Amino acid sequence: LAELESSNVEVSESLLLRDIVFIFQGINGQFIKYNADSSSYIIDPKLDINRSTRDLLHRLTEFGWLYKRVNEFVTLNVNDPSIGLVGQAFCSALQRELTEYYRSIAVLEAQVTKQVEGEQVSSQGLTLKRLLVWTQDSLLKLRIMSVLVDCCKKQRGGALVSTIYHYTNHGDPFIQQFINNTLEEVSRPFFEMLQRWIYEGELEDPFEEFFVACDPNVLEEQLWQLKYLNRVKMQPTFISTLLAKKIFSIGKSLNFIRYSCHDSDWVVTNGKVTGADKLLKYGDIIALESSIDATYTATSQRLLSILFTKFKLKEHLTALKRYLLLGQGDFIQHLMAQLGSGLSKPANTLYRHNLTGTLEAAIRASNAQYDDPDILRRLDVRLLEVSSGDIGWDVFSLDYHVDSPINTIFTPKAMQQYLKLFNFLWRLKRVEHDLSTAWRRNMTSARSLYQIKKFKKEIITSRLVCSEMIHFVYQLQYYILFEVIECSWDELVTDINKKSGDLDSLIEAHNKYLTNVTTKSFLGTSNNQDELHNFALRDSRDSDMSNPEKIR
Amino acid sequence: SKRDINDKDLTIGLLPLQLQEYAIIEDLLFVMMGIEGKYILMDFSEDLTEEQPLSGFNYYVDESLDPSLKDLTERILPLATYYSSIDAFIEKHSKFEYGFVSHALCAAMRGLLKEYLILITQLEHQFRTSPSFTLQKVWFYVHPTLHTMSNIHSLIMDIQDAAQYASEEDDDILIVEGFNNKKDEIPQQIKGGCILTILVDRMTTMSGDPATKKLYMYLLSKTSQPYVSMLHSWIHHGEIRDPYEEFMIQERKNVKKENLKEDFNDAYWEARYTIRDKTMPPFLIPFKKKILLAGKYLNVIRECGIAIKEPQQQSIEDVVGKDGVDRTDVNVNSDILVAMDGGRFVDNIEIAYKCANGTLLDLLLKDQQLIARLRSIKRYFFLDQSDFFTHFLDLASTELKKPSKDVSLTKLQSLLDLVLRNPSSVAYTDPFKEDVKVEMSTVGLVDQLLRIINVAGMMEPTPTFSRTNRLVESFAFRKENGKMGDESENEGSEDGVGSGTEKPGYASSVAGSIAGSIVSSLSGSISGSIMGGSNKQPLTGIEALTLDYIVTFPLSLVISRKALTKYQLLFRHLLYLKYIEQLLCNTWTEHAKSFHWRRGSGHPALEAWKSRAFALRQRMLVFVQQFAYYVTSEVLEPQWRNLEANLAKVSTIDQVLQYHSDFLDTCLKECMLTNAKLLRIYAKMIHTIVLFCLYHEKFIKSLISLESQVESSIPLQMDSTDRTLHKFEDNFFYHIKLLIEALNFYSATETVQFLCLVVRLDYNLFYANQEGTSNISAVR
């Protein structure tokens, strides 16, 4: 039988085996060579091997072809930092798999060399068929790797992780296991970034692979609004939008605490305490979610408590309501009494220092003096832009200074709204003030006026009109101060006291409060506002008309 | 192309027998790995497409081979065919679009193939080392494997058949539906649950042979793993991760819970998650309801923003008890259970169902205070402790007299708010009072009810419909109920009340026709909307007034739009009763305090007329009050008690839903709002009463003129006034009798509760005994 075999096959199986083992590593063998044109392996046609063996060999050369593709990708990218951290991790994962592959080849090779030396088919010997069977798993792995390499060529960062993640949608346990392992490695840099971001607020992302981006040009003032952006493309699909939003918010809050609230100690210690024992990694999404949830609550709580205790947010809110929304009645009354006459003069004759002096006096004279000096310090007079013909009433306004970090909540836009509201309320107050002056004059001069019989009827009418106006103004004021401001304030306080959510929800609650107040006091649309201003002004003019002295 | 001719030259038959055997074994070893041999060739006769055929290649042996060897070889050859078939199947069904279950099946098959290949290498080894290795031995070694492989092969053929069948069926559907972009999709029949079904079917039909059974159990246990893990995540987390649409539950993302508030048909609960009945593996069919509900409940919980916890061991024991799950009601083949992880999934389903159920029930009953909610709804819709409502009606009376189009909703709303926030009102302490809203309905109550009862009525224009329909019904009614006799004959003429026309055929019934003509002269001035038809007049505010209630998400599962509509119907029914009572009371006040009515004129005829008017008013009042009493105290209140008691001991959400809808349905039915016949009679009675109250002014006028006649001692011209009152009397008597008869009749078929109403209305058999007198008055 042995004779027959040797006569039929010129090349012994062991030699072919040796060739194949080389080909497994992408190296050309003695009889089988890679043909770049057809990108396949060609068996030397001169060789006298039977057709079936040729077929078998052909099957085995698939390894070489796959290996070449994977290896090409790895060598091309392994020393290229521009592929990004995730890409590097992908390369290293591939390399690790290849090492595994080399190891199995080495084992096979040992068998082959033993055989070649011994020239004898031992009982444990290797044959081509056996080789095919033994390498089944490696073949599958190589196939998956080559598919991954193909689809990941152009991808980077989070997108690459997503792409690989799509491949876990396979029911075959072997494939699933393999891809999960790969994914765990590939996503490691991503999770490291994530970890630093949620525990320390640092963005360590040299290749823009993370789904949070930082704009270094944005000033600290606008850190919360503009500094950080969401890079949707890089968000891995296994992280839901809600979770991503939380992650985004955590890091932002940490940075806010550190840079705007100057409390980096907490950030560092907290990051150490909570982040030290946890290693985030792919595979346990539920644990990831829960740890992110915990961090989210802790960070948001901390941020809010800093704002409310250290930066006295609530006091500021109250102060704004008291001074700009006329909550502190005696103060406003006093201010009105002091300023009233002065403000009727042309606007360009007003001087800021005079007004500030009056403001100071009003504070001293009212209960406002017992308020926190820090808050009183912020209270200031502001003169709006003077255009010709304006009188003091048109340009006078109270102002409240907000600085970082609370200006994240009291944005310039919000302050604008406060000023708008103040102007409206101030004018309303002025009308009321004028009306009551008119009434007083009317009353004090009643006796002398009654002596003029000619005007008796007119005087009575003017009194009636005057009291109707007073009624109207009182009702309007009541409506705005109680039904609008107090109700909205109550809502705001409930929202704040809930203390859930992050800074964003706080800002939202405050904005809602402001919009509520503005729309309900008819200041929402410009149309309404003009109308009402006109109304209010006309009213005040009428009240002047009813002034008996003018009639006289 | 690969078949070189050189090999062909060498015919095997020429070799010595031993060499023949040697060569054929060597060839066989290749062929069994799917590689063509020297003497055993593939059969390319069939049309060869690019893809490897799922049925596998056929092989044939060189003719010149020794016949007995050839026979033996041919016995082994199917193995090669099977191998190629299975290989092709794995290649094809491992693709992503075939779904998790297919992948798992392929993986299991690949495991088996690997064993098979190992067998071949062992054979090769034997062949190389032992000189005594013969074809017979090969046969001996591969024989058991042949069995296994043939089983797998026939499984593959089954799956292919299913695919074939599915694609044929799909083609038909596609032609009918006129779109064919779904061509690329893999039919449901060869994915997911269907694969499992095929496996289970084969397993049960082939379970006689232990080897086959073992094979299928192996395949089933591997294949079902992805499915079971999907099941697990569904019943424990309410999540479906099913990119290939294999799972038995289908989620429709476009069905949103927000629709629940607007949509009349509460589709969310029904349509968001549905069972794919066709693709369900048979061993899950007994649990399908529980599986669906468990996940559905969890989703409701999650939509409310509550995190879902995996049931802990502790809580499992709490839920299930120490003994574990009772499996007596599970009639699943135990072999299947063994294959499926020892049937752990059965326990899991049970536990998950109970946990989800309990959590959601807690959520609804405790966090969302369902019972308190329902109580508050009852307060507003059933006017329970409704001091606020009388106040509201007083305040809003001017507004409510206007046609419904001119009524300002905001004004009514603010009035209602004012009333509800009044600290002296009972409703003040209700935490949910903010949720009540005023609404104006566009359809009259009776109209709406009739439409609901008789959906066909919506197609036709209302007046003709109601007319013909009523006639038809009246005949049908007569046929059914011989007792009704004369009364039912009058039925036809009663149409006149609503439409103002007389039917000559029924003119014999004097009373009816007179009533018809007189009322018709008036009906123009009053809205006919409470009548079951002639709806030309716009609704007035009071007729259109209804309440609405804002329900937030998890509660809107129970208090859906449909339920709220039922509440609204009941509310309007009650409201109208209250309104009529008020009208009658006003008439009473008038009677009691007006000088003309009180003063005795001394003229007997006039006094008799007055007292008849009083008596009629009193009867009407009694009727309305008794009716209202019946509705509130004998229907709504007991039913509510019933519901409360039931809700206190519910254990599943579906029970809650069931009890609640039962409650509403019973209420509607016992308030006789579901019976067209009763409803029409009732509507006419109400109409008569309203007319009477409105006609009251004319009575006063005629009374004054009559009195002046008495004073100036001119003989009395009482005829017309007298007649008018008679018409009212007759009409009322006639209808109340009709109603009592009808109630008696329907108490047998619909609900016994009607008898209570009969007793109330016909107290001491007042109307029943009055037969004679009423007839006399009718003749007069």
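By convention in this document, chain letters (A, B, ...) are assigned in the order of the sequence lines, proteins followed by strands, and residues within each chain are numbered from 1. Because the structure is a prediction, the values reported are computed rather than measured. When reading the values below, keep in mind they use all heavy atoms of this one structure, side chains included, and skip hydrogens, waters and symmetry mates.
- Both the backbone and the side chain of B/L29 come within less than 4.5 Å of a heavy atom of chain A.
- Counting heavy atoms from C-beta on, the side chains of A/W134 and B/T121 never come closer than 4.5 Å.
- A/G171 and B/P226 make their closest contact through O-CG, 4.3 Å (heavy atoms, listed as atom of the first residue, atom of the second, distance).
- Side chains of B/F96 and A/H166 form no contact here, defined as non-hydrogen atoms less than 4.5 Å apart.
- Considering only heavy atoms from C-beta on, B/F100 stays 4.5 Å or farther from A/D172 through its side chain.
- Taking the side chain to side chain contact (heavy atoms under 4.5 Å, CB included) definition, one finds that A/C152 meets it with A/F90, A/L160, A/I164, sequence neighbours left out.
- Scanning both residues, B/S94 and A/H170, for their nearest heavy atoms gives O-NE2, 2.7 Å.
- Taking every heavy atom of both residues into account, B/Y244 and A/N169 meet most closely at OH-O, 2.5 Å.
- Contacts between B/Y227 and chain A at a heavy-atom distance below 4.5 Å are absent for every atom of the residue.
- Summarising the local packing, CD of A/Q136 is surrounded by more than 12 heavy atoms from other residues, nucleotides or ligands at distances under 6.0 Å.
- In this structure, CD in A/Q176 is found 10.0 Å from NE2 in B/H103, a value given to the nearest 0.5 Å.
- Within a 6.0 Å radius of CD in A/Q475, other residues, nucleotides and ligands contribute more than 12 heavy atoms.
- Within the 4.5 angstrom heavy-atom criterion, only side-chain atoms of A/D137, from C-beta onward, approach chain B.
- The shortest non-hydrogen separation linking B/E36 to A/S52 is O-OG, 2.7 Å.
- Within the 4.5 angstrom heavy-atom criterion, atoms from both the backbone and the side chain of A/T53 approach chain B.
- With values rounded to the nearest 0.5 angstrom, A/D55 atom CG is found 11.5 Å from B/M33 atom CE.
- Within the 4.5 Å cutoff, the side chain of B/R128 has heavy atoms near those of the A/T127 side chain.
- The interface of residues 110-118 of chain B with chain A, defined by heavy-atom distances below 4.5 Å, comprises B/R110, B/K114, B/L117, B/I118.
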